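First the structure, in the form of structure tokens, and then the observations on it.
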There are 2 protein chains.
Amino acid sequence: MPAATGHEVLAAVLQVRADELQVLLWQRGMDPDRGRWALPGGALGADEDVEESVRRQLAEKVDVRGVTHVEQLGVFSAPHRVPGVRLVATAFLGLVPSDVDPAVPPDTAWHPVDRLPATAFDHAEIVEDARERLRAKLSYTNLGFALAPREFTVSALRDLYVAALGHPVSATNLQRVLTRRGVLAATGETAAPGPAGGRPAAVFRFTERALRVTDASAVLRPPGVRDSAGE
Amino acid sequence: MPAATGHEVLAAVLQVRADELQVLLWQRGMDPDRGRWALPGGALGADEDVEESVRRQLAEKVDVRGVTHVEQLGVFSAPHRVPGVRLVATAFLGLVPSDVDPAVPPDTAWHPVDRLPATAFDHAEIVEDARERLRAKLSYTNLGFALAPREFTVSALRDLYVAALGHPVSATNLQRVLTRRGVLAATGETAAPGPAGGRPAAVFRFTERALRVTDASAVLRPPGVRDSAGE
DNA sequence: CCAAAAGTGTTTAGTGTACACCCATGC
DNA sequence: GCATGGGTGTACACTAAACACTTTTGG
């Protein structure tokens, strides 16, 4: 006999804009928490699971083709996380490549995750979880593909990693590590240098645009199996 | 205006018993799915979040002191995953050290995860997710502490890893890797050899009994920071 | 020629696997 | 002594960080 509760889905959609990691929020026009900024989302529909629901709700805010990766973060269920009726939330992380600028409704805006405005309910906590998840997965998976344009230079990619990780990243080592793991591949093209000159940069591409774990640890690996990421 | 739905929590409690990874299940006495085996769990209470709820529900089935680690796996929300009312489930992974044998009610039993009996609803999928989560975390965290007794020999620990991972593990390398990461420490004691003789094994202990990531990859690490696990 | 930006080479450190070998016990 | 199981030493392969150096452009 489960108690009747509502269920909503919420999405922390992250994108690197202007060299900062930003999140898409909309400003509530009604109480409770009128004027505060909230994550896009809404009620779970009767004929959908939470994954379908979050994609449907996102489609109402942004051009979904821009969202290259969506994954579940977890459940937020503090009894009074929202005033009034009991409402359990399933939170998601969404990622948008840096070269798209999806049209969004007038009450929505991007905000740097480091300097959030006044947020509604427990949404700041969800944004923090999303940022943590992104940080962790950037280093042991190929998740960078979801933040980067289809083609890019290594220094552009480095800037994305710097914004998302929050600490300096060497372009030299980034290129070498990702290439060795078989995550990056050169297209053979080069990009034109900027106004100050400099050697033209080689253009790279992610070899896959689906999540893959690239840094499986050794204790886990069955004996005799060489790490095959490099092939 | 969220639709009214029920919310339940479910726990896949895993333990290595008789050199096999097993899960605690109870046999349903009522329709639907009468006679099939189900995960322990139940409805989310009005004044608890899902973490509190799963601990409360587990306390009704097993001695909770035996459960050394609980973590959220995710939401299962297919519209008709349970017949009748809409019911969303938050699934958890729980781990019990191999040296405890908690008292359980008569309708519950441990089953090897490789040979599950007929299971209720989507519970087999949850068990599979739990096993996957355990496998992954064993290799890049110190999660072994949650499967092992407080003190143990390396070969006993090896047997736990073999059961959980499902592939051979070298005791030599397991010891070296975990020691180097600062996860294991010798107590100075030795265990008595078996009837067939053999050198007495040194007794080890996990240095921490809380989850810690031990294999942070390098790209993630800020420059100038040495991996400090070994200290 | 110089500054700027990109990319390569090389050194050093660390990690995990494999395997040979030595150690401590029961019989 | 010998079988048995436990533990160490060592060699090898691979990974990544740091940094010097070269390459290619614009002015």
Side-chain angles (χ1 to χ4, degrees), chain A residues 138-140 152-159 161 165 167-204 214-231, chain B residues 138-140 151-159 161 165 167-204 213-231:
Chain A
L138 271 186
S139 50
Y140 67 89
F152 48 84
T153 66
V154 170
S155 48
L157 186 65
R158 190 257 317 266
D159 293 344
Y161 274 73
L165 295 175
H167 64 71
V169 174
S170 147
T172 299
N173 294 330
L174 184 66
Q175 182 197 1
R176 223 175 320 230
V177 168
L178 294 185
T179 306
R180 185 160 40 209
R181 289 181 178 177
V183 169
L184 279 192
T187 64
E189 321 269 290
T190 58
R199 174 168 167 176
V203 174
F204 286 80
T214 57
D215 189 41
S217 167
V219 182
L220 162 141
R221 207 156 51 213
V225 179
R226 281 266 147 269
D227 191 353
S228 61
E231 296 312 297
Chain B
L138 271 186
S139 49
Y140 68 88
E151 304 196 327
F152 47 84
T153 65
V154 171
S155 47
L157 185 65
R158 191 257 316 268
D159 293 344
Y161 274 72
L165 294 175
H167 65 70
V169 174
S170 146
T172 298
N173 294 330
L174 185 67
Q175 182 198 357
R176 202 159 354 216
V177 167
L178 295 185
T179 306
R180 190 148 48 192
R181 288 181 179 176
V183 169
L184 278 193
T187 63
E189 320 268 292
T190 58
R199 175 170 168 177
V203 174
F204 286 80
V213 174
T214 57
D215 188 42
S217 166
V219 182
L220 165 142
R221 207 157 48 213
V225 179
R226 280 269 147 269
D227 191 352
S228 60
E231 296 313 294

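Nothing here was measured: the structure is a model prediction, and the numbers come from that model. Within every chain, numbering begins at 1; the chains are lettered A, B, ... in the order of the sequence lines, protein sequences first and strands thereafter.
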For B/A196 and B/A202, take the nucleotide of DNA chain D holding the closest heavy atom to each; which residue's nucleotide lies nearer the 5' end?
B/A196
A/R180 side-chain N/O to D/dA16 phosphate OP1/OP2 under 4.0 Å:
yes
Nearest whole Å is fine: how far is C/dT15 P from B/L178 CG?
13 Å
Let me know the distance between CG of A/N173 and P of D/dA20, rounded to the nearest Å.
14 Å
Is the shortest heavy-atom distance from the side chain of A/T190 to the side chain of A/T153 under 4.5 Å?
no
Quick one: is B/Q175 getting a side-chain N or O under 4.0 Å of the D/dT8 phosphate, OP1 or OP2?
yes
Residue whose closest nucleotide on DNA chain D lies nearer the 5' end, B/S155 versus A/S170:
B/S155
Nearest-angstrom distance from the residue atom NE2 of B/H167 to C1' of C/dT17
13 Å
In which ranges does DNA chain D form stems of 3 or more consecutive Watson-Crick or G-U pairs, distances under 3.5 Å?
C:1-27 with D:1-27
Spell out yes or no: do the side chain of B/R176 and the base of D/dT10 have one donor N/O and one acceptor N/O closer than 3.5 Å?
yes
Between A/T172 and A/G198, which is nearer to the 5' end of DNA chain C once each is assigned its nearest nucleotide?
A/G198
Within this structure, what is the CZ-to-P distance between A/F152 and C/dG7, rounded to whole angstrom?
12 Å
Give the rounded distance in Å between these two atoms: CG of B/L174 and P of D/dT8.
14 Å
Taking the side chain as every heavy atom from C-beta outward, state whether A/V183 and A/T179 have any pair of such atoms under 4.5 Å apart.
no
For A/T187 against A/F204, the heavy-atom pair lying closest together:
CG2-C, 4.1 Å
Where A/P200 and A/A191 come nearest, the two heavy atoms and their spacing
CB-O, 3.2 Å
Is there side-chain contact between A/F152 and A/V203, with heavy atoms separated by less than 4.5 Å?
no
Any B/R181 side-chain nitrogen or oxygen under 4.0 Å from OP1 or OP2 of C/dG16
yes
Distance in angstrom units between B/R199 CZ and D/dG6 P, rounded:
10 Å
Whole angstroms only, please: what is the CG-P distance between B/L184 and D/dT8?
12 Å
Which heavy atom of A/T214 sits nearest a heavy atom of A/R181, and at what distance?
OG1-NH1, 3.4 Å
Spacing between B/F204 atom CZ and D/dT8 atom C1', to the nearest angstrom
11 Å
Quick one: closest heavy-atom pair of A/R158 and A/S170, and the distance?
CG-C, 4.4 Å
